[in-house]
Amino acid sequence: MIEAFHPKGRDPNARAENAEPQPILKVSGLTAGYGAVGSDGLPKFVILKDIDLELERGRSLGVIGESGSGKSTLARVIAGLLPAAKGSVAMDGITLGHGTRDRSKQELRKLQIVFQLADTALNPNKPVGAILSRPLTFYHGMSGQAREAEVDRLLDLVRLPKALKHRLPGELSGGQKQRINFARALAARPELILCDEITSALDTVVAAAILDLLDELQRELGLTYMFISHDLSTVEAVCDRVAVMYQGEKVEEMPTSRMQSGAEHPYSKLLISSVPKLDTGWLDSLGQDRTFADAADRH
Amino acid sequence: MSHDKVTDWTGRDDQMVENAIRRGATRRELLQLLMASGIGLAAGGTIIGRATKAFADTPKSGGSITAAGWSASTADTLDPAKASLSTDYVRCCAFYNRLTFLDDGGELKMELAESIETTDAKTWKVTLRPDVIFHDGKTLTTDDVIYSMNRHKDESVGSKAAAMAKQMETFRKIDDRVMEIELSAANADLPIILSLHHFMIIADGTTDFSTANGTGAFKCEVFEPGVRSLGVKNENYWKDQLPYLDSFEFIAISDEPARINALLSGDIALAAAINPRSMRRLETVDGVELSVSTSGNYTDLNVRLDMDPGDKAGFVEGMKYLMNREVIKRSVLRDLAVIANDQPVSPNDKYYNKDLVAREYDPERAKSLFEKAGVFGQSIPIVTSDAANSAIDMATVVQQAGQEIGMPFDVQRVPSDGYWSNYWLKAPIHFGNINPRPTPDILFSLLYTSDAPWNESHYKSEKFDKLMVEARGSLDEAKRKSIYDEMQVMISNEAGTIIPVWMSNVDALSSKLKGMKANPLGGMMGYAFAEHVWLDD
Amino acid sequence: MTMTAPARKGHFGFHVNAVGIIGAAIILFWMVVAIAAPWISPYPVGQIVDFDYYGPISSQFWFGTDYLGRDMLSRVLMGARYTVGISLASVTIACFIGVTLGMIAAVISGWFDAILSRFLDALNSIPSLMFGLVVVAAVGSSISVLVLTIAVLYAPGSYRFARALAVNVNAMDFVTVARARGEGTLYTIREEIFPNIIGPVLADFGLRFVFIVLLLSGLSFLGLGVQPPNADWGALVRENIGGLSFGAPAVIVPSIAIASLTISVNMLIDNLPQRIRDRSE
Amino acid sequence: MNALVARLVAKRLGIMLISLLIIAFAVFFATELLPGDVAEILLGQSATPEAVAGLRKAMNLDQPAFLRFLSWLGGLLTGDLGRSYANNREVADLIAGRLANSLELAFVTTLFSVPIALTLGITAAMFRGSTYDRFVSVFTVSVISIPEFMVATLAVLIFAVYLKWLPALSVANDVQGIGELLRIYAMPVITLSFVVSAQMIRMTRAAVIDTLDTAYVEMALLKGASRPRIVLRHALPNALGPIVNAMALSLSYLLGGVIIVETIFNYPGVAKLMVDAVSTRDLPLIQSCAMIFCVSYLLLILIADLVAILANPRLRNQ
């Protein structure tokens, strides 16, 4: 059953022939956390430690790790929602301000974030049309007919009927909500979309459909994704490369294709091996490495 | 409210008839009295029967009661010099004694003093009753009296009677039982002045008033300011048989309906100061009786003569004609009042000037007087407050009368909190409330002489001041009477104090509580009911 | 495209149900009375029209007479003016201040929130009686002083309530999305937070309205506000409470007036269009 | 987690101290604004200028008010609340008995009203839209629409005057046995419960409905959990924050706001004490009462905030 819905693995060479890929996102030495900033310039609770990342235009990077590993925080810091304590985030070679207020509207536009729970990501008191219109007005100054037409186009883009724009989010299904959620990000005409666990609240069939959509849109619009998930099969389905986070640090990065075989860091191995794949022996292999079995127990 | 229904009339009538019987009235006289009040012969007979029975009841000893006054606060005190609320007076009367007191007929009686004598009204010889002992066992001597009296002259005590005590220049001890009081000027009323509640006698050297050490009928068992006080019978009380009650608790319930409800539910035996508008409710209830006393309490409208608009000739007179006394008597006070004539000596007083009639309500005349004063049509502010009984209702009556002739009054209700220190005597037009005083001399010297501390309308007349000194020193009754008559006329015509009615005080009590009589010093038998009442079953 | 959407149907117009309409009608009725009172009162409010007191309902005095023998109908009609006017004005000001500050505090958070919250908490813990007395002593008494005093007394509660709601909404992802988009504080408050707390805020508004109607009578006894011979409904109940034991209309009628107004305000709010109260009625 | 809560409590207690200081100053200045001083008030109608001056001197009121305030504050640090101006007794003695009374009444009322409010609120939420729900909602609004003094007076009329079941006054001087205690507290508690329950019922209902609408409750429903179980295990813990907040606000009323109940039932509590203190301009007593109201209010909202934070993981991290 699970096998049937397992998304097809990606061909790592699908777009490899595009000449020198330029990094759209470059994260270097990123350190961030919560709480009051101490004398050392570091916040009280450091969540991210010295992260380096590069993401090439048109590619997808998966970020995996257990909950609490800092992967969501990473997205928030990149989006400017949580100002970094140290390090920098650069887009197309231009260093971005730490907070949203320090970034220009164009910089904000190019980078959009899509959240995990579509339920809370959509204002329940606004009709779909209004939700999609806002970024159009905000970033592109659109109004009237043009904006209406653009909303229709966006709905079309995420394969939803136009009539839906009069509905409130509460009147949509989970998958529809996630598509709207995504359409709102697209409304900005972004170049990079940070997807924070966008499929984890959906059931497998719907999730697969969403992933297919993402894949299609990436091809159509030349988008770049940073895909945060704890669900390896999702990452495997849409990402070119994968970064493994553990306790606030990036422990390893590798192409998706090498995930099953090439993981070197013991934590990555454990994480990858703990994905259920109708592998009857996976539980046994888990016990082989005591250290990470303990780590896993602590979740 | 009509007077032909006996049920409407009973409570007060019993009291009146009882008092008449005590004065020795015959049955015939009583019936005439009742019929004059509009009561039928048969009903009158019933009332007389009931009253006679009540009078004939013999007091019984024993039992405990809880009685409720209307106000209490953390400023409650057992220090007679500082007493200011009814609760203080009730406690003082229960725990202490005075040298003299006024009985329910308004007659002066000796209490701790055996005699008070003078030849010139200036030097007074006071002889104390022998064998009176304090609660702590100490015998009463003149030292205690002198200590008690001198306290009033000490500013740090903060005595309420300081102004009265000022004239008592020196106290000379002759022996343990005899002493002399030397006044600064002759005053024939000294024995009556000594009956004021503040002049209760405390033991020499007392400074701690967390409990009371007096010679009174009850010993103080519990005293919680603002909450309650409990007295138990003083077994060694020097008055024979008194008190009848084993113990008595006094509390205050400031909400009047709550006070009545507590009485009706049997939680308390006496609810003091009942609002006239509650009469209808109580008169129809079995087991509840009313004790009414018209004692000289009044609420007056004061127009200051030294401020605008009171300084304009004709304005004050206009206000006096605009005062609808009949409506105040009937509607505001439900007939528990007697129409007054703008001067402070009450009809119960032997010096009351009967020939001085109250002004009629005459709005047209008021209008022409206001026009003469040049204030007609101007909006005149009147300050009123709950602090003075019924003052808000009276203000609206005046306001309504003004509205009818086209004279707008701006009624300003201010908080009762702080009223006496902030508005009373200060605002150009305001209400005051004066408690009964036993003599015209006290009233005049407090309220109307040029140096009076509470000269409400800032009335100043040299002639008036001279007349008062003359009357005070005189031991000739007829002469005093004629001087006081003249002074009453002067106040009524010249002062800015408009006194519309004398207000009766009504106390409601359980019919099991016997022995309650009206007293000219105020409700609750001049606050001294505790030692006189008994429980009947 | 499968439609597994919930069964709830969307409302686009303002469909207020019958109960809500009744509520609105009663409120409207009292508002009209409040405006027209001086012209429809049969007697002047201060006039003693009957020497009887706590008079019964009669053809001459429809609502009987009060403790002084004044016409209750006239007093209730004029009372509407003060009760409706003052309560509505003060509850509106209180909620406007409270809700606005509450949302700002929730969105901005940090020291602004901390200081404002502590300050308003402190303000809230001062007993209202004391506050009222000081106000009268300091600035005297008038209707506008009364309205502002009540507004100040009730704004902290409204603030606390709105802030608690707004903090919850503020933690929602759609607010984060707006922030990531680069939206300003004002937009976030107006478009993202406010529509999501309006339901409970309105319910709170209704309750506060009721409390203010009742508080008025207490304050008038401090000498604050409505001056005699006029009185608000609460004061009418209070001054005639002695008539309760024999069921005098003088105490029953203003009580019914209060109840009719407060209940209808709440009826209207509880039955507002689904869209408004959807979130959290 | 515990350390976090402890830190938060410590921080809030610190802020509370500062708040108290601010309140003390505010109340002091407010008292100064009030016309008249204790000497004038005590002398009342006999307040001639000389008498007032004499009494002021005797009571040490001729010192600047601010110095007196500071010395009171200094005394407070050593646990001394000072002496009442009005009757020269220890403020601590005056307050102790009455505070105990107030707390007793508040406690009994809480014990009575909170379970009722919770039950009504939760059940109304469970059966949202039903006749029962509408009944509860109309009932709560009607109850608070009746002035408190009318509820109290009516209760006394019925239960004390006509039926004679209960005493009209609630004085707990020599109480014997729990039965009598119940009789004494019955009417004040009923009256107060009327006042405080309405808000709690409405907020409980609103908060529970709010959480019932969320996805994970729907999920639990799909999993086949029973309705009561969902409400108690899933919805209630999440709705706890706003509920406790409403409760804190309602209950804070039980100490300082019960003046009407204290008056009608002649119950000697702190609210009346404070009114007395204000009307006699008794600075040490006013200050001490204000501190009590403040502390209780701030403690209640601190508890409410803590519960809200512990119940809502999203807030925990902020």
Side-chain angles (χ1 to χ4, degrees), chain C residues 6 19 109 114 117-119 121-131 133-138 157 160-161 164-165 167-168 171-172 199-200 203-204 206-207 210-211 213-214 217-218 233-234 237-238 241-242 244-245 251 254-255 258-263 265-267 270 278-281, chain D residues 15 18-20 22-23 26-27 30-31 33-35 128 134 137-138 141-142 144-150 153-154 157 161 198-199 202-203 205-207 209-210 213 241-242 245-246 249 252 256-257 259-260 271 274-275 278-279 286 289-290 293-298 301 308 312 314-315 318:
Chain C
V19 183
S109 71
S117 295
R118 287 328 121 216
F119 173 74
D121 279 348
L123 186 66
N124 212 8
S125 66
I126 296 177
S128 53
L129 178 96
M130 166 107 192
F131 188 83
L133 277 176
V134 174
V135 169
V136 189
R160 229 188 122 65
F161 183 72
L165 291 167
V167 162
N168 272 332
M172 299 275 188
D204 181 61
L207 273 180
V210 177
F211 288 138
V213 167
L214 300 179
S217 65
W233 290 340
V237 176
R238 198 153 179 162
I241 191 84
L244 186 63
S245 54
V251 61
S255 306
I258 292 177
S260 72
L261 179 65
T262 51
I263 292 176
V265 165
N266 284 282
M267 257 161 46
D270 286 350
D278 192 38
R279 278 297 308 156
S280 38
E281 64 163 78
Chain D
I15 294 171
I18 299 169
S19 302
L20 284 178
I22 296 170
I23 288 291
V27 169
T31 315
L33 263 184
L34 288 173
R128 168 159 50 145
R134 281 184 189 282
S137 137
V138 170
V141 178
S142 332
I144 47 168
S145 300
I146 308 168
E148 201 178 341
F149 53 86
M150 183 144 169
T153 311
L154 207 59
L157 270 182
V161 176
Q199 179 111 3
R202 286 177 73 96
M203 289 309 139
R205 177 178 176 276
I209 283 178
D210 210 15
D213 279 351
N245 197 23
L249 288 180
S252 72
I259 180 74
I260 290 171
M274 170 130 191
V275 173
V278 171
S279 59
I286 296 176
C289 289
F293 295 145
C294 256
V295 168
S296 63
Y297 178 82
L298 294 176
I301 59 170
N312 188 342
R314 270 199 299 256
L315 296 178
Q318 288 191 344

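Side chains included, hydrogens not; waters and symmetry mates left out as well; all remaining heavy atoms used. Labels below follow one simple rule: chain letters A, B, ... track the order of the sequence lines, proteins then strands, and each chain is numbered from 1. Note that the coordinates shown come from a computational prediction; the quantities given were computed from them, not determined experimentally.
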Side chains of [X] and [Y], heavy atoms from C-beta outward: is any pair under 4.5 Å?
| X | Y | value |
| --- | --- | --- |
| D:F149 | C:V237 | yes |
| D:V161 | C:S245 | no |
| C:R160 | D:I301 | yes |
| D:V141 | C:M267 | no |

Counting only heavy atoms closer than 4.5 Å, note whether [X] contacts chain C via side chain, backbone, both or neither.
| X | answer |
| --- | --- |
| D:V278 | side chain |
| D:S252 | neither |
| D:I286 | side chain |
| D:I15 | side chain |

Atom group of [X] that falls short of 4.5 Å from chain D, counting heavy atoms:
| X | value |
| --- | --- |
| C:V210 | side chain |
| C:D121 | both |
| C:F211 | side chain |

Hey, could you give me the [atom1]/[atom2] distance between [X] and [Y], rounded to the nearest 0.5 Å?
| X | Y | atom1 | atom2 | result |
| --- | --- | --- | --- | --- |
| C:L244 | D:T153 | CG | OG1 | 6.5 Å |
| D:R202 | C:D204 | CZ | CG | 9.5 Å |
| D:S137 | C:I263 | OG | CD1 | 9.5 Å |

>> As a quick check of understanding, evaluate side chain to side chain contact (heavy atoms under 4.5 Å, CB included) for C:I258 and D:M150, giving each step before the final call.
In response: CA-CA 12 Å; C:I258 292 177; D:M150 183 144 169; over 6 Å; no
